[in-house]
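Taking it in order: structure first as structure tokens, then the write-up.
Residue numbers run from 1 in the order of the sequence given.
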Amino acid sequence: MASTTSGLTRRRGAGAGANNGEEEGGRVSSPAPRRPDDRAPETSYENTESGHKIAFDPRDISESAERSRQPKLTLMEEIILMGLKDKQGYLSFWNDNISYALRGCIVIELAFRGRISMQKDPSRRRFPLADRNIEVIDDTMTGEVLLDETLKMMKSSEKMSVNSWIDLLSGETWNLMKIGYQLKQVRERLCKGLVDKGILRTEKKNFLLFDMATHPVADGGAKEEIRKRVRNVLTSRTVVLAPSQFLPEEMEFRYLRTITMVCAAYAANVLENALTTLGHEARERAFAQVDELLAEYSQWPFARRAGGSQGVGANLSQVVNEEINKNKDKELQLEVVAACLSVFTRLDSLL
């Protein structure tokens with residue numbers, strides 16, 4: 001089991017190499033050998049009023065039902081969208097944090113969607129959060145390519161810790177037998193997913209010696225909604241999150257998910273892009289607030305407070321507590337979320 005510190009230290013020393021590895025090569029399939037029960041489901045048929053039969057793949061129905069219960073954008077897509085330059089359509093070349101943070105967001109998203117949880121073992125409490133093993137509790141496909149690719153790898157591999165999974169997905173390992181766990185071209189695949197959802201568009205830009213695909217923002221409303229949500233959490237005394245297609249009213253953990261998104265954006269070094277309309281002092285207070293949030297929600301159970309040191313987000317503890325009480329059976333999933341945030345705290349301190 002790799003420790004968090006060692007994994008992140010290696011990544012710091014070979015930051016450029018990690019980024020290049022992400023941009024090269026194709027999609028990596030699950031390292032585990034293909035099993036006989038991995039075959040595609042049989043085709044199903046439905047009778048119409050005219051007596052004709054219509055063939056369909058049952059996975060299409062399950063994926064459609066999954067999408068209807070989830071926000072339009074995944075956590076990873078929100079982070080990448082926040083980091084993209086609106087008109088130029090590319091991320092900062094100097095951002096070494098975002099690749100690792102995106103892999104953490106994949107693990108968090110799987111936990112929020114009820115696919116993985118901490119292994120139910122009382123002895124796990126002897127270990128730090130990030131060193132506790134996670135397991136797959138539902139292998140139903142989500143319809144999101146990166147999530148499903150990761151879920152298949154987790155299902156077919158040995159049980160490993162949160163920290164180990166984030167390291168492996170990022171390619172942070174000296175074990176050549178596990179190099180196949182690395183998710184490649186994550187940024188580009190996320191951008192292409194946003195193009196499919198109508199949020200971005202694709203253009204080609206010439207950078208002296210080479211052409212590069214860029215993805216300028218096509219739907220500015222989506223990015224502005226994310227910015228408003230971030231500013232709401234970090235500057236309002238009482239946080240009220242209005243329902244939208246990006247945060248449906250019926251969705252579980254609306255407030256906790258938003259707090260997690262803000263902390264992930266901070267770890268990915270893209271949070272400042274959502275705070276450009278604030279003055280210098282207001283931005284400093286916002287960063288102080290997210291420091292407090294990250295400290296409180298990177299432990300399990302979550303720390304309780306009546307409000308930040310500046311009286312910001314005074315109701316957050318109450319509303320998050322209500323969300324947890326409504327979903328007591330999902331505490332092991334939320335423990336995974338807390339573990340990922342604890343990895344983000346170390347990432348921020350090391351880089």
Side-chain angles (χ1 to χ4, degrees), residues 63-64 66-92 95 98 101-102 105-106 108-109 112-113 142-147 186-205 213-236 238-279 282-283 286 289-290 312-313 316 319:
E63 289 178 6
S64 177
E66 169 77 19
R67 289 178 186 275
S68 67
R69 295 193 300 268
Q70 299 296 336
K72 184 174 181 178
L73 303 182
T74 63
L75 283 171
M76 305 86 71
E77 289 171 333
E78 289 183 328
I79 299 304
I80 205 86
L81 185 58
M82 211 182 305
L84 280 173
K85 300 177 186 293
D86 289 9
K87 295 181 180 179
Q88 294 91 334
Y90 55 84
L91 295 159
S92 169
N95 190 340
I98 192 167
L102 287 173
C105 287
I106 290 174
I108 292 172
E109 188 73 49
F112 273 134
R113 291 180 182 233
T142 66
E144 298 286 348
V145 178
L146 284 170
L147 295 181
V186 169
R187 302 185 197 186
E188 181 64 20
R189 291 160 71 183
L190 286 172
C191 287
K192 287 181 178 177
L194 288 169
V195 170
D196 292 339
K197 293 180 180 181
I199 308 297
L200 303 178
R201 66 180 186 273
T202 301
E203 295 179 355
K204 271 193 176 181
K205 190 174 182 67
T214 60
H215 303 282
V217 174
D219 178 7
K223 189 166 185 176
E224 184 57 30
E225 196 276 344
I226 296 172
R227 288 170 171 161
K228 286 181 179 178
R229 209 172 348 137
V230 169
R231 292 194 294 268
N232 191 355
V233 169
L234 297 181
T235 63
S236 301
T238 301
V239 178
V240 178
L241 299 176
S244 69
Q245 60 181 327
F246 305 105
L247 199 71
E249 189 169 10
E250 305 79 16
M251 193 182 80
E252 299 170 339
F253 306 118
R254 296 176 73 248
Y255 284 83
L256 179 57
R257 183 187 179 89
T258 301
I259 291 170
T260 302
M261 181 266 288
V262 171
C263 292
Y266 184 47
N269 200 22
V270 299
L271 183 64
E272 190 167 4
N273 296 343
L275 305 176
T276 53
T277 59
L278 301 180
R283 278 203 305 273
Q289 171 72 355
V290 75
V312 176
L316 283 178
V319 292

Open item on the list: Would L190 and V186 count as a side chain to side chain contact (heavy atoms under 4.5 Å, CB included) here? Give the steps.
Closed with: CA-CA 6 Å; L190 286 172; V186 169; 3.8 Å; yes
Open item on the list: Using the rule given for side chain to side chain contact (heavy atoms under 4.5 Å, CB included), can you reason through M261 versus I226, listing the C-alpha separation, both sets of side-chain angles and the distance that settles it, and then say yes or no?
Closed with: CA-CA 9 Å; M261 181 266 288; I226 296 172; 4.1 Å; yes
Task: Verdict with supporting geometry, T74 and R113, side chain to side chain contact (heavy atoms under 4.5 Å, CB included) - done: CA-CA 10 Å; T74 63; R113 291 180 182 233; 3.7 Å; yes
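In this structure, M82 and L271 approach most closely via the heavy-atom pair SD-CA, 4.3 Å. Taking both residues in full, the closest heavy atoms of L200 and V217 are given as CD2-CA, 3.8 Å, listed atom of the first, atom of the second, then distance. Considering all non-hydrogen atoms of both residues, I79 and C105 come closest at CG1-SG, 4.0 Å. When all heavy atoms of K197 and L73 are compared, the pair lying nearest together is CD-CD2, 4.0 Å. Nearest heavy-atom pair across C191 and I80 is SG-CG1, 4.3 Å. The shortest heavy-atom contact between P71 and F246 is CB-O, 3.1 Å.
Between E77 and I199, the closest side-chain pair of non-hydrogen atoms is not below 4.5 Å. Annotation: side chain of I98 is not in contact with side chain of N269 (no heavy-atom distance under 4.5 Å). Within the 4.5 Å cutoff, the side chain of P216 has heavy atoms near those of the R201 side chain. Side-chain contact check for L234 versus V312: every heavy-atom pair is 4.5 Å or farther apart. Between H215 and E188 the shortest side-chain heavy-atom distance falls below 4.5 Å. In this structure, the side chains of E203 and Q88 stay at 4.5 Å or more apart for every pair of heavy atoms. Counting only heavy atoms from C-beta outward, the side chains of L241 and Y255 approach each other to under 4.5 Å. Using a 4.5 Å heavy-atom threshold, the side chains of T260 and F112 count as touching.
Other residues, nucleotides and ligands place more than 12 heavy atoms under 6.0 Å from the NZ atom of K72.
Salt-bridge formation is detected for the pair E224/R227: a Lys NZ or Arg NE/NH1/NH2 atom is positioned less than 4.0 Å from an Asp or Glu carboxylate oxygen. One finds a salt bridge joining R229 and E78 here, because a Lys/Arg side-chain nitrogen approaches an Asp/Glu carboxylate oxygen to under 4.0 Å. Under a 4.0 Å N-O distance rule, the pair E144/R189 does not qualify as a salt bridge.
S244 OG to M251 CE: the interatomic distance, rounded to the nearest 0.5 Å, is 9.0 Å. Residue T142 holds its OG1 atom at 8.5 Å from CD of Q70, rounded to the nearest 0.5 Å. Separating the CG atom in L275 from the CZ atom in R283 is a distance of 7.5 Å, to the nearest 0.5 Å. With rounding to the nearest 0.5 angstrom, the CG atom of L194 is 7.5 Å from the CG atom of L84. Rounding to the nearest 0.5 angstrom, the gap separating the CG atom in L316 from the CD1 atom in I259 is 4.5 Å. Note that CD1 of I106 and CD1 of I108 are 10.5 Å apart. Values are rounded to the nearest 0.5 Å.
Side-chain N or O atoms of N232 include one that pairs as donor or acceptor with a backbone N or O of V240 at under 3.5 Å.
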